[in-house]
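Inspection log for the structure reproduced underneath, given as structure tokens.
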Amino acid sequence: LIAAALADKSLKGNIIKVPTFEKVWRGLRSWQDNGFVGDPDVDRVAITRFTPAELVSATSKNGTTPTAPFFARIDEWLDARNFHDEVEQDRHIALVHDAVRHARGRLETLKQQRGLMGYDDMIRGVADALAGPQGDAFAARLQAQYRVALVDEFQDTDPRQWAIFQRLFAPPAAGDALREDG
């Protein structure tokens, strides 16, 4: 049907080119001969040219659009293939997230076993302590011990660090000071 439509110029030759058609159909024939195992050896962009909607748009003004149930099956296969690809991508993303979770857990276990602590651990510990039930008492002790803080390389301060500095060392707002004093 496609070959005949190309020959009688029912299909626009600038949209569906004979070499593209021949390559796609060779790939589909090979796929059929191999029992439809795996994917056909065809370019997915090229095969979309043979879906019903694409054939309609490739039909010349006075031409007849080739129609056959097979063209709708191409559309269905493409939908299924795209869904499969999305599922595979989601699976790979989940696998990476699982690996990261596992690595973080393993790192935490090793640090605890060896009594190690990094800068992020210290920051997390202070932030958690300030947010905990004894946070106010902890803040008061730190403020009494450290009257001032100097932030070097402020651009490298993350939101958690900044929240700690604000809680401990930022002066209260003018309205807050008045309320505290009476």
Side-chain angles (χ1 to χ4, degrees), residues 15 20 24 27 31 36-58 71-182:
I15 296 177
T20 301
V24 166
W31 189 40
F36 298 105
V37 175
D39 283 334
D41 184 23
V42 295
D43 177 345
R44 276 205 219 161
V45 173
I47 199 172
T48 61
R49 304 238 191 278
F50 304 101
T51 62
E54 291 293 321
L55 287 171
V56 167
S57 70
F71 302 135
R73 302 299 81 82
I74 291 174
D75 225 358
E76 292 169 5
W77 177 81
L78 285 166
D79 287 345
R81 189 67 212 151
N82 289 335
F83 177 75
H84 175 269
D85 291 348
E86 288 174 19
V87 168
E88 281 299 301
Q89 182 178 10
D90 290 347
R91 252 180 21 95
H92 288 134
I93 290 169
L95 179 63
V96 168
H97 283 279
D98 286 346
V100 167
R101 254 189 310 278
H102 175 75
R104 284 183 178 155
R106 181 72 178 129
L107 180 61
E108 286 303 313
T109 300
L110 289 172
K111 286 193 297 190
Q112 287 176 359
Q113 289 172 346
R114 296 175 183 172
L116 300 174
M117 181 181 281
Y119 289 111
D120 287 338
D121 300 317
M122 288 185 268
I123 292 166
R124 182 176 39 255
V126 171
D128 290 348
L130 287 171
Q134 302 298 319
D136 289 337
F138 180 53
R141 278 184 296 195
L142 288 174
Q143 288 166 332
Q145 186 174 358
Y146 303 102
R147 304 295 296 157
V148 71
L150 174 65
V151 178
D152 186 25
E153 306 261 350
F154 180 78
Q155 72 276 8
D156 295 333
T157 302
D158 67 29
R160 184 183 287 173
Q161 290 169 318
W162 180 238
I164 292 169
F165 288 123
Q166 279 186 305
R167 169 111 188 248
L168 297 175
F169 302 108
D176 292 342
L178 291 176
R179 274 186 252 128
E180 289 175 7
D181 293 333

Look only at the side chain of His84 and the backbone of Ala80, and say whether a donor-acceptor pair between them is shorter than 3.5 Å.
-> no

Leu95 CG to Asp90 CG distance, which is reported to the nearest 0.5 Å = 12.5 Å

Residue Gln134 excluded, over 12 heavy atoms near CD under 6.0 Å = no

Start with the C-alpha gap between Asn82 and Arg44, add the side-chain angles, then the distance that decides, and say whether side-chain contact (heavy atoms from CB on, under 4.5 Å) holds.
-> CA-CA 10 Å; Asn82 289 335; Arg44 276 205 219 161; 3.5 Å; yes

Can you name the nearest heavy-atom pair linking Tyr146 to Phe169, along with the distance?
-> O-CE2, 3.1 Å

Show me, pair by pair, the donor-acceptor contacts under 3.5 angstrom made by side chains of residues 135-144, not counting sequence neighbours?
| from | atom 1 | to | atom 2 | distance (Å) |
| --- | --- | --- | --- | --- |
| Asp136 | OD1 | Arg167 | NH2 | 2.7 |
| Gln143 | NE2 | Arg167 | O | 3.4 |
| Gln143 | NE2 | Leu168 | O | 2.9 |

Which atom of Thr48 lies closest to which atom of Val45, heavy atoms considered | OG1-O, 2.5 Å

Drop me the distance from Asp98's CG to Ile93's CD1, to the nearest 0.5 angstrom.
-> 12.0 Å

Test item: Gln161 side-chain N/O and Asp158 main-chain N/O as donor-acceptor pair under 3.5 Å | yes

Atom of Ile15, atom of Ala58 and distance for their closest heavy-atom approach = CG2-CB, 3.7 Å

Does the side chain of Pro52 come within less than 4.5 Å of Asp75's, by heavy atoms?
-> yes

Across all chains, not counting sequence neighbours, the salt bridge (Lys or Arg N to Asp or Glu O under 4.0 Å) partners of Asp128 are none

State the OG1-CZ distance between Thr109 and Arg104, to the nearest 0.5 angstrom.
-> 14.0 Å

Out of curiosity, Glu86 CD to Arg91 CZ, how far, rounded to the nearest 0.5 Å?
-> 14.5 Å

CD1/Ile164 to OG1/Thr157 distance, rounded to the nearest 0.5 angstrom?
-> 10.5 Å

Heavy-atom neighbours of Asp120 CG exceed 12 at 6.0 Å = no

Separation between CZ of Arg49 and CD1 of Ile47, rounded to the nearest 0.5 Å | 12.0 Å

Decide yes or no for Arg160 and Val126: does some side-chain heavy atom of the first lie under 4.5 Å from some side-chain heavy atom of the second?
-> no

